[in-house]
*Asks:* 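Questions regarding the structure given below will be posed in turn.
Count residues from 1 along the sequence.
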Amino acid sequence: MALVPVAEALERLLDGATALPGESVPIAEAAGRVLAEPVVALRTQPPFNASAMDGYAARFADVASAPARLSVIGMAPAGSGFAGSVGKGEAVRIFTGAPLPEGADTVVIQENVRDLGGGGIEVTEPTAQGRNVRRRGLDFGQGDLLLEKGRQLDPAALSLAASANHPSLNVVRRPLVAIIATGDELLPPGSALGPDQIISSNAYGVTATAQSVGARALDLGIAADRQHAIAALVKKAVSAGADIIVTLGGASVGDHDLIHDVLTGEGMQLDFWKIAMRPGKPLMFGRLGNIRCLGLPGNPVASLVCSQLFLKPLLARLGGRNYRQDIRTARLAAAMHANDLRQDYVRAVVREEAGQLVATPFGIQDSSMLRMLAEANGLIVREPFAPAAEAGAECSVLMLR
């Protein structure tokens with residue numbers, strides 16, 4: 001099977017991927033979710049003419065000039081309005097958020113009032129008509145469209161939906177990623193390692209990648225290099241309702257790389273296997289019914305780079321999110337050799353110098369070296385057959401953070 005170009009692989013991976021069906025969740029659990037349907041106001045806000053300040057509700061005709069003396073006939077705290085009506089020469093003590101009494105159209109702030117005692121006050125500064133009053137429906141009216149379908153519920157959107165009296169919201173279901181690591185040599189962190197064993201680390205980075213775009217991750221653990229062991233975890237993923245099965249390692253062509261055989265044996269239709277990129281050549285993609293299967297390389301850096309390039313956009317699409325890779329233009333801080341037929345993703349440190357970005361590639365790019373990836377904040381993207389580039393040449397950088 002020929003190597004598939006990166007852009008084509010991503011296009012095939014995303015083909016047919018649309019937002020998953022909606023589900024209703026309590027508004028207290030909806031933060032960060034994506035709306036599956038528009039939000040329409042169930043009430044008017046504010047539902048009445050309300051005071052915007054602590055002060056005195058009065059008629060504009062009585063406070064248009066100062067000084068003016070008024071009689072205080074009652075009080076209107078928030079949540080308990082004044083039942084009577086304000087007439088000529090009268091005022092009601094009012095607090096922020098309280099309904100404006102009938103007959104009043106203006107609120108004089110308390111700083112502009114002097115208490116005369118015996119229920120009388122003196123207005124010391126003139127007040128404009130309608131001042132310090134929030135009119136009914138100032139924010140929105142019942143039936144108004146407040147939030148469009150596809151809006152991610154950030155703090156402001158969530159508070160708006162709550163103020164419109166929505167106890168729950170219909171949001172896109174979060175994609176579920178089932179993660180299966182493979183390899184007799186792997187043990188979980190904290191294990192006592194034998195002389196031929198290493199720590200299984202890839203699943204944690206893949207889980208974090210999934211969670212960064214709102215997806216759920218189900219780590220099914222480590223399968224031994226046996227077809228029956230891998231098949232058992234694949235069946236668990238299917239039973240759990242996974243939208244995507246991600247396998248880690250075992251997707252190459254060695255005698256112990258069994259993922260392809262197991263998944264095709266379970267009914268997966270292979271789409272592509274091996275892509276023209278470095279790191280990450282042994283990437284596999286297929287479909288097991290409605291489940292997308294993504295076989296990531298076992299090398300840690302290749303696994304995480306492929307997660308960034310392929311898994312993240314796919315999960316964003318299924319989760320109804322708008323997502324674009326952060327590609328920027330920078331200058332090379334060091335010369336780079338000509339490239340071969342594979343698209344390179346070169347770990348680099350990107351800094352701003354004299355108003356422009358400068359990318360410094362690491363000298364060693366072995367795909368097992370996680371420390372270098374953790375220190376990098378960008379990947380220099382080198383197209384297939386790109387010519388040698390001198391220091392100072394322009395380059396494209398995929399920003400990681």
Side-chain angles (χ1 to χ4, degrees), residues 25-33 35 38-148 151-169:
V25 300
I27 194 167
E29 300 172 12
R33 302 292 293 271
L35 286 172
V39 172
V40 174
L42 301 179
R43 63 187 293 271
T44 295
Q45 174 66 15
F48 42 73
N49 295 336
S51 177
M53 302 288 285
D54 291 346
Y56 293 84
R59 302 185 322 141
F60 167 66
D62 291 333
V63 297
S65 60
R69 294 194 173 193
L70 303 174
S71 298
V72 179
I73 62 171
M75 183 179 293
S80 180
F82 178 72
S85 178
V86 175
K88 182 179 179 180
E90 296 177 336
V92 168
R93 180 73 166 112
I94 197 166
F95 297 89
T96 304
L100 200 68
E102 184 180 345
D105 59 4
T106 302
V107 173
V108 182
I109 60 174
Q110 60 189 19
E111 292 85 349
N112 292 344
V113 171
R114 186 163 64 92
D115 188 353
L116 299 177
I121 60 171
E122 182 180 74
V123 177
T124 60
E125 297 287 341
T127 304
Q129 187 170 19
R131 191 68 182 271
N132 306 314
V133 175
R134 296 183 179 129
R135 294 294 171 188
R136 181 179 186 274
L138 175 67
D139 197 357
F140 52 80
Q142 184 174 347
D144 285 354
L145 173 63
L146 301 182
L147 298 168
E148 298 278 2
R151 171 70 182 265
Q152 186 171 346
L153 290 164
D154 56 23
L158 198 64
S159 293
L160 176 59
S163 71
N165 204 27
H166 285 272
S168 60
L169 295 169

*Asks:* Identify the two heavy atoms, one from Pro38 and one from Leu145, that lie closest to each other, and give their separation to 0.1 Å.
*Replies:*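 Looking at all heavy atoms of both residues, the closest pair is CB-CD1, 3.5 Å.
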*Asks:* Main chain of Pro26, side chain of Glu29: is a donor-acceptor contact present, judged purely on distance under 3.5 Å?
*Replies:* no
*Asks:* What's the spacing between Tyr56 OH and Met75 CE if we round to 0.5 Å?
*Replies:* 8.0 Å
*Asks:* Which heavy-atom pair separates Pro99 from Ala76 by the least distance, and what is that distance?
*Replies:*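 Where Pro99 meets Ala76 most closely, the heavy atoms are O-CB, 4.4 Å.
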*Asks:* Hey, could you give me the CZ/CD1 distance between Arg114 and Ile121, rounded to the nearest 0.5 Å?
*Replies:* 11.0 Å
*Asks:* If every non-hydrogen atom of Pro101 is compared with every non-hydrogen atom of Ala57, which pair is closest and at what distance?
*Replies:*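 Between these two residues, the closest heavy atoms are CD-CB, 3.6 Å.
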*Asks:* Is Asn49 reaching over with its side chain to a backbone N or O of Leu100, donor-acceptor style, under 3.5 angstrom?
*Replies:*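 The answer is no, because no donor-acceptor pair under 3.5 Å joins these two groups.
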*Asks:* If every non-hydrogen atom of Gly55 is compared with every non-hydrogen atom of Arg93, which pair is closest and at what distance?
*Replies:*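 Minimum heavy-atom contact is O-NH1, 3.1 Å.
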*Asks:* To the nearest 0.5 Å, tell me how far Ser159 OG sits from Asp154 CG.
*Replies:* 9.0 Å
*Asks:* Looking only at non-hydrogen atoms, find the nearest pair between Pro126 and Ala64 and report the distance.
*Replies:*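 Between these two residues, the closest heavy atoms are CB-O, 3.2 Å.
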*Asks:* What distance separates Asp115 CG from Gln110 CD, expressed to the nearest 0.5 Å?
*Replies:*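 Going from the CG atom of Asp115 to the CD atom of Gln110 covers 11.5 Å.
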*Asks:* Could you check whether any side-chain N or O of Thr96 sits under 3.5 Å from a backbone N or O of Asp54, counting only pairs where one atom can act as donor and the other as acceptor?
*Replies:* yes
*Asks:* Counting only heavy atoms not in Glu148 (residues, nucleotides, ligands), do more than 12 fall under 6.0 Å from its CD?
*Replies:*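 Count not over threshold, so no.
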*Asks:* Between Asp62 and Lys88, is there a donor-acceptor pair closer than 3.5 Å when you use the side chain of the first and the backbone of the second?
*Replies:* no
*Asks:* If only atom types and distance count, is the side chain of His166 paired as donor or acceptor with the main-chain N or O of Leu158 below 3.5 Å?
*Replies:* no
*Asks:* On a heavy-atom basis, which atom in Leu147 and which in Arg151 lie closest, and how many Å separate them?
*Replies:*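 Scanning both residues completely, I find the closest heavy atoms to be CD2-NH1, 3.7 Å.
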*Asks:* Considering only heavy atoms from C-beta outward, does the side chain of Val25 approach that of Arg33 to under 4.5 Å?
*Replies:*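 The answer is yes, as the side chains (C-beta and beyond) meet within the 4.5 Å cut-off.
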*Asks:* Decide side chain to side chain contact (heavy atoms under 4.5 Å, CB included) for Phe140 and Leu160; before the verdict, give the C-alpha distance in whole Å, the side-chain angles of both, and the deciding distance to 0.1 Å.
*Replies:* CA-CA 10 Å; Phe140 52 80; Leu160 176 59; 3.6 Å; yes
*Asks:* Are more than 12 heavy atoms from other residues, nucleotides or ligands located less than 6.0 Å from atom CZ of Arg69?
*Replies:*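 It does not: Arg69 CZ has 12 such atoms or fewer within range.
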*Asks:* Supply the atom-to-atom distance Glu125 CD to Ile109 CD1, rounded to the nearest 0.5 angstrom.
*Replies:*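 Spacing of CD (Glu125) from CD1 (Ile109) equals 9.0 Å.
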*Asks:* Assess the residue pair Ile73 and Phe82 against the criterion (side chain to side chain contact (heavy atoms under 4.5 Å, CB included)); give the C-alpha distance rounded to whole Å, side-chain angles, the decisive distance to 0.1 Å, and a yes or no.
*Replies:* CA-CA 10 Å; Ile73 62 171; Phe82 178 72; 3.9 Å; yes
*Asks:* Are the side chain of Thr106 and the backbone N or O of Gln129 linked by a donor-acceptor pair below 3.5 Å?
*Replies:* no
*Asks:* Any sub-3.5 Å donor-acceptor pair from Arg136's side-chain atoms to Gln45's backbone N or O?
*Replies:*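 No; judged by distance alone, with no hydrogens or angles, the pair does not exist.
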*Asks:* Run Leu35 and Leu153 through side chain to side chain contact (heavy atoms under 4.5 Å, CB included) and show every step you take.
*Replies:* CA-CA 7 Å; Leu35 286 172; Leu153 290 164; 4.0 Å; yes
*Asks:* How far apart are the C-alpha atoms of Thr124 and Asn112, what are their side-chain angles, what is the distance that settles it, and do they pass the side chain to side chain donor-acceptor pair (under 3.5 Å) test?
*Replies:* CA-CA 5 Å; Thr124 60; Asn112 292 344; 4.7 Å; no
